[in-house]
Amino acid sequence: MNLKSNISIIIKTALDKCDISADVVINESTKAEFGDYQYNGIMPLAKVFKQNPREIAKRVVSQIEIGTIISKVEVAGPGFINIFLNRDWLSENANIALKDDRLSISKTDNPLKILIDYSGPNMAKEMHVGHLRSTIIGDSLANLSKFLGHNVIRQNHVGDWGTQFGMLIAYLEDISQDSADNLKNLEQFYKDAKKRFDEDEDFADKAREYVVKIQSGDEHCLKLWKQFIDISLHHCEDVYKKLGVSLTRDDVKAESFYNSELDNTIKFLEDKSLIDISDGAKCIFFEDSDTPMIIQKKDGGYLYATTDLAAIRYRVETLKADKILYVVDARQSFHFKQLFEIASKVNFSDNVVLEHIAFGTMMDKSGRPFKTRDGGTVKLVNLLDESISKAKDSINKRENYSDTDIEKIAEVVGIGAVKYADLSINRESNYIFDWDKMLSFDGNTALYLQYGYVRISSILKKYDGDINSCNISISDDLEQKLVLTLLKFEDTLDRVYIQSKPHILTLYLYDLTTLFMRFYEQNPILRDDIVEDIQKSRLAIASLSAKTIKQGLEILGIEVVDRL
RNA sequence: GCACUCAUAGCUCAGCUGGAUAGAGCAUCGCCCUUCUAAGGCGAGGGUCUUAGGUUCGAAUCCUAAUGGGUGUACCA
């Protein structure tokens with residue numbers, strides 16, 4: 001149910017009848033007295049028509065079809081057109097949504113192959129809180145695109161190549177004990193290796209030698225490297241599993257995957273005569289900037305940019321992506337600007353949309369970047385475990401559930417809290433990492449939504465009639481507002497999709513749940529004195545609320561439970 | 001130096017792309033459980049939307065400048 005487009009069409013028709021051509025943008029009204037929606041497009045026309053905007057508005061209003069969808073329109077203020085929706089029409093559409101598995105959310109007419117590049121951890125280190133954003137923003141965008149009917153390719157561009165791996169595998173070989181055991185703490189392993197590298201000249205030489213050896217395909221070193229990557233990937237997978245993120249090993253296309261294509265990529269660019277040599281390095285220059293993108297170092301080595309270019313080719317030519325989203329830290333904006341510019345110069349990406357879904361940096365409480373200072377890095381696993389254990393504590397204070405139930409609920413609540421805290425912030429802004437806030441269960445948090453869902457579940461469980469026979473028939477203003485909000489779900493998802501901003505969805509779900517909570521307090525359902533028709537209608541409203549909350553959270557990658 | 005980005009309540013953030021009296025959560029202070037889960041609801045206080053100009057019927061939102069954070073800026077990823 002796309003409310004806005006339904007209304008836009010009616011307004012557009014009225015404008016046509018008045019011989020006015022204008023883009024129709026419908027806004028939600030800020031206050032109940034201004035109706036459900038408003039059209040503000042008349043005022044700018046006053047000058048063009050040399051007429052009082054109120055007069056124009058009156059003319060348009062007289063042409064607006066009143067009936068099934070719109071119950072009333074009025075001109076207000078300098079020329080606002082306030083639109084009131086028909087209560088029965090809302091009820092009817094809510095009923096249709098209630099009976100539909102997809103809640104009346106249509107699948108796109110134009111399915112695209114959307115490739116989403118996200119998470120991208122470095123294999124040399126354990127995932128820390130800084131990896132959270134890319135991972136869950138990317139995952140929720142992937143979930144959403146899929147839900148809207150697109151073909152989604154998830155790509156985990158893990159960092160498994162580079163000079164540091166020489167050091168790591170040399171150290172792995174050196175300690176030559178049970179490697180899996182020693183790699184349990186990747187962070188420590190890296191530190192130990194680094195220490196050895198800095199202190200032991202022979203070891204450092206060996207490390208450097210091993211870098212070359214992996215790159216030239218030395219069997220022994222490659223075996224060590226593969227072993228290392230495998231263990232490191234397992235670490236990531238543990239985190240993904242805990243986080244409820246759907247990335248699997250099939251989604252991994254690591255940097256090393258593109259190694260064999262790097263030469264070709266350079267040749268390809270040379271053929272297009274884009275490459276200049278500057279200070280011995282192969283560069284691509286841009287008209288509006290002094291800073292080139294370096295494609296190949298003077299020593300012949302390849303760079304991040306080279307891999308990315310090779311990756312675009314692969315994604316466009318082999319995977320046939322229509323749209324590629326890079327969910328990567330905003331600090332790399334310049335890199336992506338250059339990358340996309342090159343892509344368009346060489347037509348890698350004719351008709352392919354390339355977008356950098358940038359997100360802000362995580363700051364500490366004093367407003368400085370949350371640096372991975374030595375020994376001070378917050379591991380992602382630790383954050384998640386902490387949250388789960390905090391959830392467990394508060395459950396224990398309230399309820400006597402079995403251990404297995406507590407485990408399950410604590411996980412859903414704990415993980416939900418962390419994900420929601422991150423997803424509910426506009427990704428473009430920097431954000432302050434605060435343990436208390438991250439692990440908070442008060443106010444605008446995942447728990448609030450989960451709790452709303454639980455309240456509904458509890459009612460539906462207690463009701464002994466047939467819920468499927470219940471129909472929505474709005475009986476007061478609060479119910480109307482709630483139902484209207486429920487029907488805005490599709491508009492909301494569209495906005496989230498267009499802007500790639502999950503926080504729009506969290507905001508919507510929070511608003512929705514707030515309305516439901518009020519409804520819950522004011523409009524009792526199972527009480528004896530409630531007449532059957534109203535009871536059934538309220539049950540249906542509650543049921544649709546639960547379904548919408550659940551579906552919304554599912555897109556965000558957050559689970560619900562039946563009780564808390 | 002240049003470029004990008006941000007600045008909204010004590011704190012953390014929204015503000016649907018220029019609309020009517022700027023909204024939430026936390027924190028503070030009241031009220032509401034013999035009534036569907038109080039991890040909840042209702043209410044109060046709290047604002048010169050960093051500053052100064054400009055654009056127009058109308059600006060937190062757009063343009064310019066200043067100030068202050070953050071980031072990027074040639075062989076790391």
Side-chain angles (χ1 to χ4, degrees), chain A residues 4 25 27-31 33-34 38 40 43-44 46-47 53 76-80 82 120 122 124 159 161-164 255 278-283 288-299 301-305 307-308 329-335 337 358 360-361 363 365 367-369 391 394-395 397-399 413 421 424-426 428-432 434 436-437 440-445 447-448 450-452 454-463 491-492 495 499 503-504 506-508 510-511 514 517-518 520-522 524-530 538 542 563-564:
Chain A
K4 278 193 179 178
V25 178
N27 286 318
E28 293 177 14
S29 296
T30 46
K31 284 187 161 40
E33 52 187 296
F34 300 149
Q38 55 182 228
N40 305 326
M43 275 96 70
K47 232 177 210 173
F80 298 106
N82 292 339
N122 190 325
W161 205 249
T163 47
Q164 60 221 16
E255 283 173 6
S278 174
D279 289 344
K282 287 184 183 170
C283 302
D288 60 344
S289 159
D290 296 335
T291 315
M293 181 168 248
I294 297 175
I295 305 299
Q296 191 170 19
K297 296 195 280 188
K298 64 180 165 204
D299 68 3
Y302 299 112
L303 293 143
Y304 181 45
T307 311
D308 268 351
D329 195 305
R331 281 177 281 197
Q332 295 188 36
S333 295
F334 186 62
H335 168 77
K337 185 175 172 271
T361 310
M363 316 287 249
K365 251 182 173 167
R368 279 187 285 268
S394 33
I395 298 165
K397 273 183 212 147
R398 297 162 39 87
E399 303 283 351
V413 171
S424 60
I425 291 167
N426 186 347
E428 285 172 345
S429 42
N430 290 345
Y431 101 57
I432 293 179
D434 176 353
D436 295 335
K437 205 194 162 199
S440 166
F441 298 137
D442 294 324
N444 185 358
T445 62
L447 182 65
Y448 183 81
Q450 290 164 331
Y451 184 61
V454 162
R455 282 181 142 183
I456 301 167
S457 300
S458 177
I459 292 172
L460 297 180
K461 251 185 276 174
K462 281 185 180 144
Y463 179 65
D491 284 334
T492 305
R495 273 181 61 213
Q499 299 184 36
H503 86 278
I504 294 172
T506 63
L507 194 70
Y508 166 80
Y510 179 70
D511 280 347
T514 303
M517 291 295 198
R518 208 177 300 161
Y520 179 91
E521 303 278 346
Q522 286 177 28
I525 299 176
L526 298 182
R527 226 166 56 187
D528 295 342
D529 60 335
I530 307 297
R538 287 180 179 170
R563 54 177 193 163
L564 280 167

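Chain A is the first sequence line, chain B the second, and so forth, proteins listed ahead of strands; every chain is numbered from 1. Predicted model only: the values in this text are computed from it and were never measured.
Among the atoms of the strands shown, base atoms are found under 4.0 Å from some heavy atom of Leu447(A). Within the 4.0 angstrom heavy-atom criterion, no nucleotide atom of any strand lies near Tyr463(A). Across all strands, Lys47(A) comes closer than 4.0 Å only to sugar-phosphate atoms, never to a base (heavy-atom distances). Lys298(A) comes within contact range of at least one nucleobase, with a heavy-atom separation under 4.0 Å.
Of all nucleotides listed (rC13(B), rG19(B), rU35(B)), rC13(B) comes nearest to the side chain of Ile432(A). Here the side chain of Tyr510(A) is nearest to one of rC76(B), rA20(B), rA24(B), namely rA24(B). Among the nucleotides rC57(B), rU17(B), rC13(B), the one closest to the side chain of Met43(A) is rC57(B).
In this structure, Phe441(A) does not pack face-to-face on the six-membered ring of rA39(B), missing the 5.5 Å centre cutoff or the 30° plane limit. Ring-base stacking between Tyr520(A) and rG40(B) is not satisfied when judged by a centre separation under 5.5 Å and a plane angle under 30°.
OP1 or OP2 of rA39(B) sits under 4.0 Å from a side-chain N or O of Arg398(A).
Ring geometry for Tyr304(A) against His335(A) counts as parallel: the plane angle stays under 30°, on a 0 to 90° scale with 60° as the upper cut.
Not a single donor-acceptor pair under 3.5 Å links the side chain of Asn430(A) to the backbone N or O of Gly360(A).
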